[in-house]
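Comments concern the structure below.
Numbers restart at 1 for each chain; the letters A, B, ... are given by sequence-line order, proteins then strands.
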There are 2 protein chains.
Amino acid sequence: MPFVDNIGFLMSRASGQLVRATNAALADDGLRVRQYSVLSLVCESADGESQRDLAEVLGLDPSQVVALVDDLDRAGLVERRPSPADRRTKLVVPTERGRAVRDRAGERADARLAETLGALTEDEQATLRALLARVADLGVAPRVAP
Amino acid sequence: MPFVDNIGFLMSRASGQLVRATNAALADDGLRVRQYSVLSLVCESADGESQRDLAEVLGLDPSQVVALVDDLDRAGLVERRPSPADRRTKLVVPTERGRAVRDRAGERADARLAETLGALTEDEQATLRALLARVADLGVAPRVAP
DNA sequence: TATTGTTATACTCTATAACTATA
DNA sequence: TATAGTTATAGAGTATAACAATA
């Protein structure tokens, strides 16, 4: 099979397209896709998310999450609050303005994503989503023995 | 729809998994996935590929291809040959050793990819490949007017 | 005037290691 | 001793601009 049909190559190429399109849609709100991801997750959370949980869901190292939350904090979109249960833990919660920005940015990002995925029908997008979810393996990933 | 079901997010996460797995499989041959991509493409070409064509297929800027070909050249896996048709153009061709390394690395990368995609049946992988190809938009991409 | 390859630069992303304060 | 957050650093990936040689 020719290299251009390699799933890894196609996925990397497609992912790049989507990230670029999304970043372009978010630029007006001063966001990039990773900051937007953090903001979206904390907006969906009832009592805030710990940075560790954010790192887990996003598949990032906790040290990367620090920088992303710093960015959002500096922009006044989220706050770090002490956890009532564990003094080590900080819960990241959106500010009022953070929620507003997320909603507006979300509409733009969604519109641009729909445009980029325009070649696919709704059914095909659902199929793609389901297949990606299984490859992305968001559950607890079994690794080689440490 | 919850953020974790966003196709862009899932694609980025899945792509990262595949790239990491492939890089791990290629490490023994001293390659990374982008260098391996260039090597694969020139091995499939009859008379070599120009750097411009490589950039086009890979979706990279021509200046990035320069560095990748430099790496492969330094490792003795490819050579730059003058094009008989156009003295500006350099055709990148694999060395004998380049072909051998590509074959061995390709087997390892393919095996690791199959392992990473193990959750999907052959049919599902074919479906995924077809959907990704349409999103990746490898044809001539119509852009906004320049 | 336009294109191919190249150099240079800056910023983002990824990957580790080590430190602190708590548990 | 283990975990949550943090700092620091290095390498890889991405994005532009500008230049020489050639068409």
Side-chain angles (χ1 to χ4, degrees), chain A residues 8-9 11-13 15-24 26-27 30-38 48-74 78-92 143 146, chain B residues 8-9 12-13 15-24 26-27 30-38 42 48-74 78-92 143 146:
Chain A
F9 167 67
M11 181 102 69
S12 172
R13 197 94 159 63
S15 175
Q17 302 252 121
L18 265 46
V19 167
R20 271 188 295 274
T22 307
N23 275 335
L26 295 172
L31 292 172
R32 293 181 65 80
V33 70
R34 298 163 91 235
Q35 284 79 1
Y36 168 72
S37 300
V38 170
E49 288 282 322
S50 74
Q51 298 186 188
R52 172 155 194 81
D53 287 347
L54 289 170
E56 177 78 19
V57 174
L58 294 171
L60 299 175
D61 189 88
S63 66
Q64 297 176 264
V65 176
V66 172
L68 297 175
V69 174
D70 280 351
D71 289 342
L72 292 169
D73 188 359
R74 225 176 291 119
V78 305
E79 286 175 8
R80 288 176 169 100
R81 295 206 184 140
S83 163
D86 186 333
R87 286 197 297 167
R88 289 173 304 183
T89 303
K90 296 173 185 175
L91 297 177
V92 182
R143 301 269 177 191
Chain B
F9 167 67
S12 171
R13 198 94 159 63
S15 175
Q17 302 252 122
L18 266 45
V19 167
R20 274 188 293 275
T22 307
N23 275 336
L26 294 172
L31 291 171
R32 293 182 66 79
V33 69
R34 299 163 92 237
Q35 284 79 2
Y36 168 71
S37 300
V38 170
V42 301
E49 289 280 324
S50 74
Q51 297 186 188
R52 173 154 193 82
D53 288 346
L54 289 170
E56 177 79 20
V57 173
L58 293 171
L60 300 175
D61 189 88
S63 66
Q64 298 178 265
V65 175
V66 172
L68 297 175
V69 173
D70 280 349
D71 289 343
L72 292 168
D73 188 359
R74 226 176 289 118
V78 305
E79 285 175 8
R80 287 177 169 100
R81 294 206 185 141
S83 163
D86 185 332
R87 284 198 298 167
R88 291 174 304 183
T89 303
K90 295 174 186 175
L91 297 176
V92 182
R143 302 270 176 191

Treating primed atoms plus P, OP1 and OP2 as sugar-phosphate and everything else as base, which nucleotides of nucleotides 3-12 of chain D get B, S or - for protein heavy atoms under 4.0 Å? BSSBBB---S
Looking only at non-hydrogen atoms, find the nearest pair between [X] and [Y] and report the distance.
X: A:V69; Y: A:V78; value: O-CG2, 4.1 Å
X: B:R52; Y: B:P62; value: NH1-CG, 4.3 Å
X: B:Q35; Y: B:D71; value: NE2-OD2, 2.8 Å

To the nearest 0.5 Å, how far apart are CZ in A:R88 and OG in A:S83? 10.0 Å
Within this structure, what is the CD-CG distance for the pair A:Q64 and A:L58, rounded to the nearest 0.5 Å?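 So the CD of A:Q64 and the CG of A:L58 are separated by 9.5 Å.
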Between the first and last five pairs of the helix from C:dT1-D:dA23 to C:dA23-D:dT1, the angle of the axes, rounded to 10 degrees: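 The two end axes of the helix from C:dT1-D:dA23 to C:dA23-D:dT1 meet at 0°.
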Between [N] atom [atom2] and [X] atom [atom1], what is the distance in whole Å?
X: A:R20; N: D:dG13; atom1: CZ; atom2: P; result: 14 Å
X: B:L58; N: C:dG5; atom1: CG; atom2: P; result: 13 Å
X: A:R13; N: D:dG13; atom1: CZ; atom2: C1'; result: 15 Å
X: A:L60; N: C:dC13; atom1: CG; atom2: P; result: 10 Å

When you measure from the side chain of B:S37 to the backbone of B:V33, do you find a donor-acceptor pair of N or O atoms at a distance under 3.5 Å? yes
Close side-chain approach of A:R34 and A:L60, heavy atoms under 4.5 Å: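 They are in side-chain contact.
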Answer yes or no: is there a side-chain heavy-atom contact under 4.5 Å between A:R80 and A:D73?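 Yes, close enough: below the 4.5 Å cut-off.
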Look at A:R87 and C:dA21 and indicate whether a side-chain polar atom (N or O) is within less than 4.0 Å of OP1 or OP2.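 Answer is no, no contact under 4.0 Å.
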